[in-house]
There are 2 protein chains.
Amino acid sequence: MKATIIDVAKEAGVSFKTVSRVMNGETSVRPATKEKVLAAAQKLNFTVNSAARRLRSKQPHVVTLILHNVSRSYAQDAQIGAMAGAQELGLSLVIEDAPDKDALARMAADDTLLGLILIPPFSHDPVVLEELDAAGIRYMRVGSEMDSPGSITVGMDDRKASREITDYLIGLGHELIAYICGPEAHEVSLLRRLGYEDSMRASGLTISAQMIRAGDFSYASGVKAAEVLLNQDVQPTAIVCANDEMAAGCLAAAYRNNIRVPEKLSVAGFDDSPVARVIYPSLTTIHQATRDMAKRAVILLHKNSLDDAAPGDVERMAHELIIRESTGPVPQ
Amino acid sequence: MKATIIDVAKEAGVSFKTVSRVMNGETSVRPATKEKVLAAAQKLNFTVNSAARRLRSKQPHVVTLILHNVSRSYAQDAQIGAMAGAQELGLSLVIEDAPDKDALARMAADDTLLGLILIPPFSHDPVVLEELDAAGIRYMRVGSEMDSPGSITVGMDDRKASREITDYLIGLGHELIAYICGPEAHEVSLLRRLGYEDSMRASGLTISAQMIRAGDFSYASGVKAAEVLLNQDVQPTAIVCANDEMAAGCLAAAYRNNIRVPEKLSVAGFDDSPVARVIYPSLTTIHQATRDMAKRAVILLHKNSLDDAAPGDVERMAHELIIRESTGPVPQ
DNA sequence: CGCTCAAATGACACCGCTGTCAATTAAAGA
DNA sequence: TCTTTAATTGACAGCGGTGTCATTTGAGCG
């Protein structure tokens, strides 16, 4: 039988209300008392019954993660990270597909809802954000830099990371470096492209429109863009892609065109998705801690609901340049 | 404000206990009364407060998914599927790393625990199963065929699927078909290899020890096994792998040995993991509905806890042969 | 038509915790 | 040392359901 707050109270020789206070970290408990209670709780292996707590205190405890394309690797990572965060805090995680007006209204009326976790593309969709603000629904954005009144974002420095990976290629001697963009609707697409341009500019290399191709994060779009790049008059010696799937597409295009990677062409990705490791050659890429970001977002959402944090903040997680086999020195 | 059982009772003109009965599907309620209650509940948009229900009725509501290597694609899929099932049933999902004796004892004592979901390799580890049986912990296995007293399994027919994909290659004219196994500790490894052998035998092809190589489901082991196969005196024209990652490794080895796939060599995988689609050439493989299996496992666990289902059952989910670019006719 | 007995319904306690507010204690000031 | 006042602590109700058991209802039958 599981110990209750009353058992602990008896054991510690205080009223059960005091135990409750300690368990909730309330300040008005004398240190000595607190100690006693904690010891008793430990001894009885006590943990609060969250069902009872939820029933009585009407504090919201549901975090809803809004997902659109569940199969994408970052969506999965976000889900897993968010779940870890929720589990740690004793919150419930609900996964919801892009909610319609009706669902929003229901959410706004739901006093158990702590808030939403938004990942791209929702996290930087002005329409969505506006609707949420209008409905008075709290939310936390993952992986977006765009400011929005009253919302915090957990992200990474996409622009800087993109610059780093381009810098790395330049360091290898490359000068004709092409870039395959993500979809324009994604804010990160812009940031990553800007990072590439920052790097090129800083090294005095020319940024040519011919070397920048549109993509949409899909493998197929990577293939297509690379085919164009590899068959134009001035061919790149390196291609930086806005994500790993498109980089995988580049590799496929190179293979079909009999261009060896990395001997004749270097290819870089972004995300460090699972594919980066099991493709040949394995991808040089940027590792992004999507899971940690999502987890952190849940934690912040929870904290935020307690002590109203500063709005408009961005919390940045570290990224890491992962060097693998798909990049090498510029061919002679 | 959310409607309570009492509101519904008033609206329907019955006692709140009757409403409770209806909400729990108890039989001793007259159809006419039930109708009234349901209508009232609908009208007030009522749903039971799960916190209150959990508090009072001490029925277990926690499902724990045992995971070891969270990053594996099937582990992620299992997690997402299990979560979907839990959400649907209003259960809580907890993720736990390989539990030690201590953790097991705690689980056995935890009367909120509905049961465990086990995926490979735990799901067919006799030691683990025995410990669970001894501790009296209910569990549900995903993707394992091995019988175990009192447990049900949700799986697929690995052997048949493996035979199908080999049959497909034979249909393309291949006769020298090699096989790269999964780790021996995994039961599916055995089943999949047997499927390959079934197919070879049925077509009157010789099963040569030289053509069967050990692997461990990792990319690296796929590379290694393929290197051996592609450099021995009698080289295969097709390689069947026990999973996609090893097939990706084969592709890499083929590339390094200048063997074009599928022109000179066909490669088949198993799982239809995300990598199968974004690799070049894309992998012919077996699609396995891991998510659905895990979800189903949760649902069965729940049902099972109510009406003690028949033990030792296996519920099979459909699989599908996915033909992509990595396989082709036998070279002339 | 009254009686019996199972089926249907209701009354009420209580699950384990938190909110409210009153009671107690200790610290500080007179 | 005795108030005064703030800091601690405790008593008690009640969150929204379910379990137990008593009560009412109505179908079947003599």
Side-chain angles (χ1 to χ4, degrees), chain A residues 1-38 40-41 44-62 89-92 110-112 114 305-306, chain B residues 1-38 40-41 44-62 89-92 109-114 305-306:
Chain A
M1 210 52 193
K2 196 118 186 34
T4 76
I5 204 174
I6 296 182
D7 302 324
V8 177
K10 255 179 222 148
E11 177 75 25
V14 297
S15 84
F16 66 85
K17 178 68 227 203
T18 300
V19 177
S20 169
R21 289 206 174 87
V22 172
M23 296 326 280
N24 288 289
E26 288 177 33
T27 50
S28 66
V29 177
R30 211 174 317 173
T33 316
K34 186 173 173 180
E35 205 99 342
K36 269 196 304 187
V37 169
L38 252 21
L44 299 180
N45 202 0
F46 169 82
T47 52
V48 299
N49 178 323
S50 65
R53 173 180 278 175
R54 279 184 190 175
L55 175 58
R56 191 57 171 91
S57 90
K58 308 202 149 270
Q59 283 181 24
H61 60 269
V62 175
L89 296 172
L91 302 171
S92 314
D110 181 1
D111 53 358
T112 65
L114 185 57
S305 80
L306 303 178
Chain B
M1 212 51 191
K2 197 122 180 32
T4 77
I5 204 174
I6 297 182
D7 302 326
V8 177
K10 256 180 221 145
E11 177 76 24
V14 297
S15 83
F16 66 86
K17 178 68 229 203
T18 300
V19 176
S20 169
R21 290 207 173 86
V22 172
M23 296 328 278
N24 287 290
E26 287 176 34
T27 51
S28 67
V29 177
R30 210 172 318 174
T33 316
K34 185 172 174 183
E35 204 98 342
K36 266 195 307 187
V37 170
L38 252 21
L44 299 180
N45 202 0
F46 169 83
T47 52
V48 298
N49 178 324
S50 65
R53 169 180 281 176
R54 279 182 190 177
L55 175 58
R56 190 57 170 98
S57 91
K58 302 191 154 280
Q59 283 183 20
H61 60 270
V62 174
L89 296 172
L91 303 171
S92 317
D110 181 0
D111 54 358
T112 65
L113 181 68
L114 185 58
S305 80
L306 303 177

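Chain naming here is simple, since letters A, B, ... match the order of the sequence lines and numbering starts at 1 in each.
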Quiz item: What distance separates Ile5(A) CD1 from Thr18(A) OG1, expressed to the nearest 0.5 Å?
Solution: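 Ile5(A) CD1 to Thr18(A) OG1: 9.5 Å, rounded to 0.5 Å.
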Exercise. Specify the angle, to 10°, made by the local axes at the two ends of the helix from dC1(C)-dG30(D) to dA30(C)-dT1(D) when five pairs are taken at each end.
Key: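 Its terminal axes enclose an angle near 30°.
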Can you check the [X] [atom1] to [N] [atom2] distance for me, whole Å?
X	N	atom1	atom2	result
Met23(A)	dG16(C)	CE	C1'	13 Å
Leu55(A)	dT18(C)	CG	P	11 Å
Lys2(A)	dC15(C)	NZ	P	16 Å
Asn49(A)	dC14(C)	CG	P	18 Å
Gln59(A)	dC17(C)	CD	C1'	12 Å
Asp7(B)	dC15(D)	CG	P	11 Å
His61(B)	dC15(C)	NE2	C1'	13 Å
Lys36(A)	dT8(D)	NZ	P	14 Å

Quiz item: With a 4.0 Å cut-off on heavy atoms, is Thr4(A) in touch with a base, just the backbone sugar-phosphate, or nothing at all?
Solution: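 Contact class for Thr4(A): sugar-phosphate only.
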Quiz item: How would you list all residue pairs meeting salt bridge (charged side-chain N to carboxylate O under 4.0 Å, His left out) that involve residues 18-30 of chain A, not counting sequence neighbours?
Solution: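 Applying salt bridge (charged side-chain N to carboxylate O under 4.0 Å, His left out) to every pair that reaches into residues 18-30 of chain A, excluding sequence neighbours, yields Arg21(A)-Glu26(A).
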Exercise. Name the residue closer to the 5' end of DNA chain C, choosing between Pro31(B) and Ile5(A) according to the nucleotide with the nearest heavy atom.
Key: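 Nearest-nucleotide comparison on DNA chain C picks Pro31(B).
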The criterion is side chain to side chain contact (heavy atoms under 4.5 Å, CB included); which residues satisfy it with [X], sequence neighbours excluded?
X	result
Thr4(A)	Ile6(A), Asp7(A)
Arg53(B)	Met23(B), Asn24(B), Val48(B), Ser57(B)
Thr47(B)	Lys2(B)
Lys34(B)	Val22(B), Val29(B), Leu38(B)

Quiz item: Can you list the steps and then say if Leu114(A) with Val62(A) is a side-chain contact (heavy atoms from CB on, under 4.5 Å)?
Solution: CA-CA 5 Å; Leu114(A) 185 57; Val62(A) 175; 5.8 Å; no
Practice problem: Mind checking side chain to side chain donor-acceptor pair (under 3.5 Å) for Asp111(A) and listing every partner two or more places apart, or none if nothing turns up? | Solution: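 With sequence neighbours excluded, Asp111(A) shows a side chain to side chain donor-acceptor pair (under 3.5 Å) to no residue whatsoever.
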Quiz item: Can you name the residues that form a side chain to side chain donor-acceptor pair (under 3.5 Å) with Ser50(A), not counting sequence neighbours?
Solution: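 By the side chain to side chain donor-acceptor pair (under 3.5 Å) rule, Ser50(A) matches no residue at all.
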Self-check item: Sequence-aligned protein contact record of nucleotides 9-14 of chain D, with B where the base is within under 4.0 Å of a protein heavy atom and S where only the sugar-phosphate is
Solution: BBBBBB
